[in-house]
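So the structure is just underneath, and the comments pick up after that.
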Amino acid sequence: MATTYQIAVLAGDGIGPEIMAVTLDILAAAGRPSDVVFEYTSGLIGGSAYEATGHPLPPEILDLCRKSDAVLLGAVGGFQWDTLPSHLRPEQALLGLRSGLGLFANLRPARIFPQLVGASSLKPEVVEGVDLLVVRELTGGIYFGQPKGIFADEQGQRRGVNTMVYSEAEVERIGRVAFEAARLRRKQLCSVDKANVLEVSQLWRSVITRLADDYPDVELTHLYVDNAAMQLIRWPKQFDVIVTGNLFGDILSDEAAMLTGSIGMLPSASLGAAGPGVFEPVHGSAPDIAGQDKANPIAQVLSAAMMARYGCQQPEVADRMERAVLRVLEQGYRTGDIMAPGMTAVGCTGMGKALLTALD
Ligand code: NAD
C-alpha cells in the first residue's frame with residue numbers, strides 16, 4: 001500500500017511558481033518507485049497572498065500548513081511590495097510561519113558539487129569535497145531577547161539595546177536536533193559560541209557538552225565564532241555539522257553558502273519539535289528574472305529532497321532526487337546562474353525535463 005503525505009505547497013512570488021512547478025513533478029516521480037505519494041494542496045503566500053486577501057499570510061494558509069505533513073515553500077517578495085507597512089510586507093509571512101509552526105531549528109547544507117567547483121571564489125583544492133550542514137537556532141537569542149529598543153537616557157542621549165539570552169531548554173532542543181542530524185551524516189558536531197566573552201555562550205557550551213553523553217557515537221568539538229568564521233574559509237572540509245545560535249548562525253550559514261558559489265543551488269529546512277517543517281530554497285524571489293524561464297530550480301528541488309528526508313523520513317526518495325541533480329550537472333546542463341564554457345544552456349523548464357529524465 002502506498003504511503004501518502006499531505007504537502008502544503010506555497011509557491012509564493014517572483015520565480016517561486018516556476019521553480020515550484022518543476023519541483024512538484026520531480027518529487028512525484030521520485031516517490032513512485034518507493035510507493036510514496038505526495039498529495040499537494042496549494043496556497044498563496046507573500047505578495048501574491050497580499051494582493052488576493054490583503055494579508056501576506058492569511059490565517060487559512062497557516063491552518064493548511066498546520067494540518068499538513070510538511071510545507072514546501074518557494075520564495076516571497078518583490079519591488080512592488082517594498083513600500084508596504086512592515087506588518088504587510090511579504091517577508092512578514094516567513095516570520096509568521098516560523099512562529100505559527102514553532103520552527104526553532106534551521107538546517108542549511110552547503111555542499112560543493114564536483115561539477116561546480118569552479119563557481120566558488122575559493123581555490124578548488126580548498127572547496128573540493130565540502131559537504132557541511134549548519135544548524136542554526138531560529139527563534140531565540142539576540143533577535144528576540146528583551147529588553148530591546150532605542151531608549152533615551154537622562155541626558156537625552158539615545159542608546160540602542162538588544163539582549164542575547166538563551167534558556168537551558170532552548171539550547172537543549174537545538175542541540176538535540178544537531179546531534180540527531182550528525183548521526184545521519186558523518187557523526188561530527190562542532191558547536192560554535194563566544195564562551196570566552198559571553199555568559200550566554202558559557203551556558204550554551206555547558207548544555208551542549210552535557211548532551212554529548214547521550215550521543216556517544218557523535219564526536220563533539222567547540223569553536224569560538226571568530227575562529228569558526230576563519231576556519232570556514234581556510235579549511236571548510238573539516239566540518240560536518242555546525243550548531244550555533246541565531247546571530248552567529250545567520251552569519252555563518254551565509255558564509256558557508258558562498259563556499260558553493262551559487263545561490264540557485266542551496267536548499268534549507270526549518271523544523272519544530274513536532275508538526276510540519278518548512279522546506280525552502282535559500283535564495284529569494286529573484287524578481288529580476290521572474291517569468292522569463294531563466295531561474296535555476298535546483299535549490300527548490302533539493303529543498304523537496306530535504307523535505308523527503310527530514311519531513312517525511314523517506315531517505316530513498318531524497319537520495320533519488322539528489323542523484324538526479326548530480327547526473328544533470330554531470331551531463332553538462334546549466335541554467336544561466338551556473339553557466340560555464342562548453343556547457344549546455346537550459347532554462348527552468350529545460351532543467352526540469354533533464355532532471356525528470358535523470359531520475360532512476
Ligand atoms: P534573490 O535571492 O531573490 O536574488 C539575488 C540574485 O540571485 C538575483 O540576481 C537573482 O536573479 C539571483 N537568483 C536568485 N535565485 C536564483 C535562482 N534560483 N536561479 C537563478 N538566479 C537566481 O535576493 P534579492 O534580489 O535580494 O531579493 C529579491 C526579493 O526576494 C526581495 O523582495 C527579498 O525580500 C526577497 N527574499 C525572499 C527570501 C525568501 O523568500 N526566503 C529570501 C531572500 C530574499
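Both counts, for ligands and for their atoms, begin at 1 and track the order of listing.
A salt bridge links R183 with D217; the closest basic N to acidic carboxylate O contact falls under 4.0 Å. Contact check on R176 versus E180 returns no salt bridge, with no Lys/Arg side-chain nitrogen under 4.0 Å from an Asp/Glu carboxylate oxygen. Taking a cutoff of 4.0 Å between a charged side-chain nitrogen and a carboxylate oxygen, D254 and R108 qualify as a salt bridge. One finds no salt bridge joining E219 and R186 here, because no Lys/Arg side-chain nitrogen approaches an Asp/Glu carboxylate oxygen to under 4.0 Å. Contact check on E322 versus R309 returns a salt bridge, with a Lys/Arg side-chain nitrogen under 4.0 Å from an Asp/Glu carboxylate oxygen.
Contact annotation for atom 27 (O) of ligand 1: protein absent (non-hydrogen atoms, distance under 4.0 Å). Checking atom 3 (O) of ligand 1 against the protein gives a heavy-atom contact under 4.0 Å. Checking atom 6 (C) of ligand 1 against the protein gives no heavy-atom contact under 4.0 Å.
Closest to atom 37 (C) of ligand 1 by heavy atom, among V282, I263, V76, is V76. Ranked by closest heavy atom to atom 29 (C) of ligand 1, the top entry among S285, P281, A295 is S285.
Expressed to the nearest 0.5 Å, how far CG of L247 lies from NZ of K194 amounts to 12.0 Å. Separating the OH atom in Y143 from the CG atom in L138 is a distance of 10.0 Å, to the nearest 0.5 Å. One distance of note links CG of L73 with OG of S270; it measures 9.0 Å at 0.5 Å rounding.
Counting the atoms of ligand 1 from 1 in the order shown, those under 4.0 Å from a heavy atom of I289 are 11 (O), 20 (C), 21 (N). Listed by number with element, the atoms of ligand 1 under 4.0 Å from a non-hydrogen atom of E280 are 41 (N). Taking every non-hydrogen atom of I15 and a distance limit under 4.0 Å, the qualifying atoms of ligand 1 come out as 17 (C), 18 (N). For ligand 1 and A75, the ligand atoms under 4.0 Å from any heavy atom of the residue are 40 (O).
For atom 9 (O) of ligand 1, the closest heavy atom belonging to the protein is D288 OD2, 3.0 Å. Considering only non-hydrogen protein atoms, atom 25 (O) of ligand 1 sits nearest to P287 CD, 4.7 Å. Of all protein heavy atoms, the one closest to atom 42 (C) of ligand 1 is G284 CA, 3.5 Å. Protein heavy atom in closest approach to atom 31 (C) of ligand 1: E91 OE2, 4.0 Å. Nearest to atom 17 (C) of ligand 1 among the protein's heavy atoms is N296 N, 3.7 Å.
Between G77 and ligand 1, a contact under 3.5 Å exists for no N or O pair. Where the criterion is an N or O separation shorter than 3.5 Å, residue side chain and backbone included, A286 meets it with respect to ligand 1. An N or O contact shorter than 3.5 Å is missing between I19 and ligand 1 by distance.
Residue contact check for ligand 1: A299 places no non-hydrogen atom closer than 4.0 Å to it. Heavy atoms of L94 come nearer than 4.0 angstrom to ligand 1 in at least one pair.
Put simply, the side chain of K237 gets close to the backbone of E125: a donor and an acceptor are under 3.5 Å apart.
Just one of I338, V346, T357 meets the side chain to side chain contact (heavy atoms under 4.5 Å, CB included) condition when paired with Y333; it is V346.
Residues D240 and Q188 come closest through the heavy atom pair OD2-N, 3.2 Å.
Geometrically, R136 does not engage F248 in a cation-pi contact defined by less than 6.0 Å to the ring centre and at most 45° from the axis.
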